[in-house]
Amino acid sequence: MSIKGTAYIAGAYEHPTRLAKDKSVAQLHAESAVGALADAGLTKDDVDGYFCAGDAPGLGPLAMADYMNLKLRHLDSTDVGGCSYISHVAHAAEAIATGKCKVALITLAGRPRSEGHSGATPRVRGADAPDTQWEFPTGIATVNAYAMCAARHMYEFGTTSEQLAWVKVAASHHAQHNPHAMLRDVVTVQQVVESPLIATPLHRMDCCVVSDGGGALVVVAPEIARSLKRPLVKVIGAGESMKGQMGGAVDLTYSAAVRSGPAAFAEAGVKPTDIKYASIYDSFTITVVMQIEDLGFCAKGQGGRFVADGNLISGVGKLPFNTDGGGLCNNHPANRGGITKVIEAVRQLRGEAHPAVQVKNCDIALAHGTGGLLGSRHGAATLIMERE
Amino acid sequence: MVKERAIPAPLVNPETEAFWAAAKDGKFLIKRCTACGKAHWYPRGVCPHCFSEKTEWVPASGRGTIYSVSVMKRAPEVYAVAYVTLEEGPTMMTNIVECDFDKVAIGDKVVVTWRPTKDDGPPYPQFKPA
Ligand SMILES: [Zn+2]
């Protein structure tokens with residue numbers, strides 16, 4: 001059994017807002033759904049499967065499915081943080097392959113910018129979670145959890161702040177072409193390492209933006225994809241996993257991508273060298289470096305060297321990444337970057353990315369994300385897609 | 001003396017109340033499994049290594065080594081989160097206090113120290129340079 005070829009991404013839409021003071025979260029979900037269905041050439045009444053995660057207001061998928069007045073045969077509210085929506089594409093393909101639905105809608109939305117949430121503030125992720133009483137008192141937030149990974153990576157492998165900065169520099173080169181991006185100025189390595197330290201060793205410019213917004217995807221059965229007037233973006237492989245503290249055997253040098261990545265490549269029957277474009281979750285610069293290693297784009301410990309000197313810049317380097325500007329420069333709606341990773345990969349495979357960043361002959365693309373905290377416990381999801 | 005961050009009270013439950021009760025007497029306990037012999041962190045009633053339900057509280061030395069550390073600069077009171085590898089084996093998330101935030105580093109030897117928590121909660125274990 002495999003999901004290879006069982007489903008296609010027919011609709012993809014990124015909400016253009018980055019500051020939505022005058023809208024509700026539910027409204028942003030629904031507006032994103034409207035956009036993705038219009039992109040696919042389908043209507044609300046075609047939808048028979050719905051997927052959302054913890055950013056959706058209400059109990060699981062119920063409130064949003066009711067708001068949009070969907071008639072469903074299949075529901076899934078798997079929540080593994082920011083990479084949930086990458087998992088949702090795979091779950092949608094599984095549901096389609098087993099006849100549970102034919103048109104799956106996935107939505108994400110949030111307004112952390114309007115509500116004043118940032119990754120520097122500790123927050124309880126479930127008061128009754130077994131780890132909360134031990135860890136919340138430390139002031140663990142988002143940024144310092146990732147910063148501990150960066151500190152250990154530097155200690156073990158000699159990774160430098162300048163190497164991490166190259167990730168941001170590459171994202172900024174792409175964001176200059178995106179009119180919706182929050183940060184469109186091209187920055188230099190020096191600017192990144194001279195930006196204020198937030199949580200050592202991470203600087204302000206090592207961190208993604210805080211933005212309001214949303215996104216949606218429509219995943220459909222092959223016969224429906226072929227009936228639509230959109231380029232065919234086929235799901236060919238997926239993997240998911242998680243990693244925690246292993247009972248105290250903490251190892252911050254790798255992520256759960258060491259499991260989700262190989263599973264996705266095996267299912268797709270491709271290798272990292274076959275990937276023409278990669279969307280890599282960039283909550284922080286270190287996130288990209290670790291995931292690139294764990295997905296097999298370079299050897300463990302070599303990520304800092306790999307990303308340096310523009311190697312992630314489209315048209316310049318070996319691995320064009322996050323050509324929309326990513327979370328570092330474009331958008332990080334709901335503090336969850338998974339859906340925008342799939343959306344930009346779909347744009348690349350369709351040839352609909354900005355001409356300045358469009359990868360030539362982009363036939364195979366990857367989207368990968370983490371959810372939760374890389375430094376404590378996190379989910380990982382990898383998706384490989386092919387232009388048919 | 002640097003002004004320290006107020007620490008939220010840990011939410012104690014029946015599985016963990018023995019730890020927090022000992023903490024009030026300044027005793028640092030960890031859990032060890034009598035089936036596989038391994039210690040673990042955070043403390044659980046079911047061993048995360050072998051799934052035995054025979055875990056017991058044992059005193060720990062309170063000594064360890066910093067595995068990783070990050071100093072939070074963007075906070076009203078600067079503080080350091082860290083993972084400390086205990087002499088008994090497990091690595092735990094905690095804070096480093098009473099240290100030079102510009103010098104605290106991976107590999108530093110540290111020892112447990114207790115801090116009061118908000119709302120009359122039990123003392124919370126942090127670490128300071130040994
Ligand atoms: Zn055991």
Side-chain angles (χ1 to χ4, degrees), chain A residues 118-124 126-158 195-204 206-207 210 244-253 284 286 373-377, chain B residues 5-13 15-16 19-20 30-31 33 38-45 47-50 66-75 77 79-86 88-96 101-102 104-107 115 117-118 121-122 124-126:
Chain A
S118 93
T121 312
R123 58 184 161 125
V124 173
D128 59 349
D131 45 271
T132 298
Q133 65 182 298
W134 306 104
E135 299 177 9
F136 182 67
T138 66
I140 191 76
T142 306
V143 60
N144 52 6
Y146 285 77
M148 283 197 285
C149 296
R152 190 70 199 185
H153 206 276
M154 291 174 168
Y155 178 84
E156 297 235 6
F157 306 119
S195 65
L197 279 165
I198 303 295
T200 60
L202 297 180
H203 301 80
R204 180 184 301 280
D206 287 301
C207 307
V210 176
Q245 297 174 15
M246 299 173 287
V250 173
D251 186 339
L252 298 183
T253 61
F284 301 92
I286 182 63
L373 303 180
L374 200 53
S376 62
R377 52 194 61 77
Chain B
R5 183 180 54 97
I7 300 167
L11 203 67
V12 179
N13 69 32
E15 188 180 12
T16 62
F19 178 91
W20 299 109
I30 60 171
K31 273 264 178 145
C33 171
K38 287 185 188 160
H40 64 261
W41 187 268
Y42 53 87
R44 298 151 160 93
C47 174
H49 302 301
C50 77
I66 297 177
Y67 170 79
S68 194
V69 60
S70 172
V71 177
M72 185 65 140
K73 302 277 192 180
R74 192 174 175 276
E77 297 99 13
Y79 64 97
V81 294
Y83 279 106
V84 167
T85 304
L86 303 174
E88 292 78 9
T91 298
M92 65 179 281
M93 189 188 293
T94 182
N95 296 109
I96 309 298
F101 287 131
D102 292 329
V104 63
I106 293 171
R115 286 293 182 279
T117 59
K118 287 194 251 187
Y124 184 78
Q126 300 182 325

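In what follows, every chain begins at residue 1, and chains take the letters A, B, ... in the order their sequences are listed.
For the options B:V12, B:T117, B:V69, heavy-atom pairs under 4.5 Å to chain A are most numerous at B:V69. Each of A:C149, A:P137, A:A199 has some count of heavy-atom pairs under 4.5 Å with chain B, and the biggest count is that of A:P137. Contact count against chain B (heavy-atom pairs under 4.5 Å) is highest for A:I198 among A:I140, A:L202, A:D131, A:I198. Ranking B:L86, B:T16, B:T94, B:N13 against chain A, the residue ahead of the rest is B:T16, based on heavy-atom pairs under 4.5 Å.
Pairing each heavy atom of A:G247 with each of B:H49, the nearest pair is O-NE2, 3.9 Å. In terms of heavy-atom proximity, B:M72 sits nearest to B:A75 at CG-CB, 4.0 Å.
B:R5 and B:N95 share a side-chain donor-acceptor pair at under 3.5 Å. Using modelled atom types and a 3.5 Å distance limit, the side chains of B:E15 and A:Q133 yield no donor-acceptor pair.
Contact annotation for A:P122: only side-chain heavy atoms (C-beta onward) come within less than 4.5 Å of a heavy atom of chain B. Only the side chain of B:Y79 has a heavy atom closer than 4.5 Å to any heavy atom of chain A. Only the side chain of A:S118 comes within less than 4.5 Å of a heavy atom in chain B; its backbone stays farther off. Residue B:F101 does not touch chain A at all, counting heavy-atom pairs closer than 4.5 Å. Only the side chain of B:Y124 comes within contact range of chain A, with at least one heavy atom under 4.5 Å from a heavy atom of that chain. When heavy atoms are compared at a cutoff of 4.5 Å, B:P8 approaches chain A by way of both its backbone and its side chain.
In this structure, A:W134 and B:W41 have perpendicular ring planes: the angle between them is above 60°, well past the 30° mark.
With sequence neighbours excluded, the residues that form a salt bridge (charged side-chain N to carboxylate O under 4.0 Å, His left out) with B:K73 are B:D102. In this view, A:R123 and A:R125, A:T142 satisfy the side-chain contact (heavy atoms from CB on, under 4.5 Å) rule, not counting sequence neighbours.
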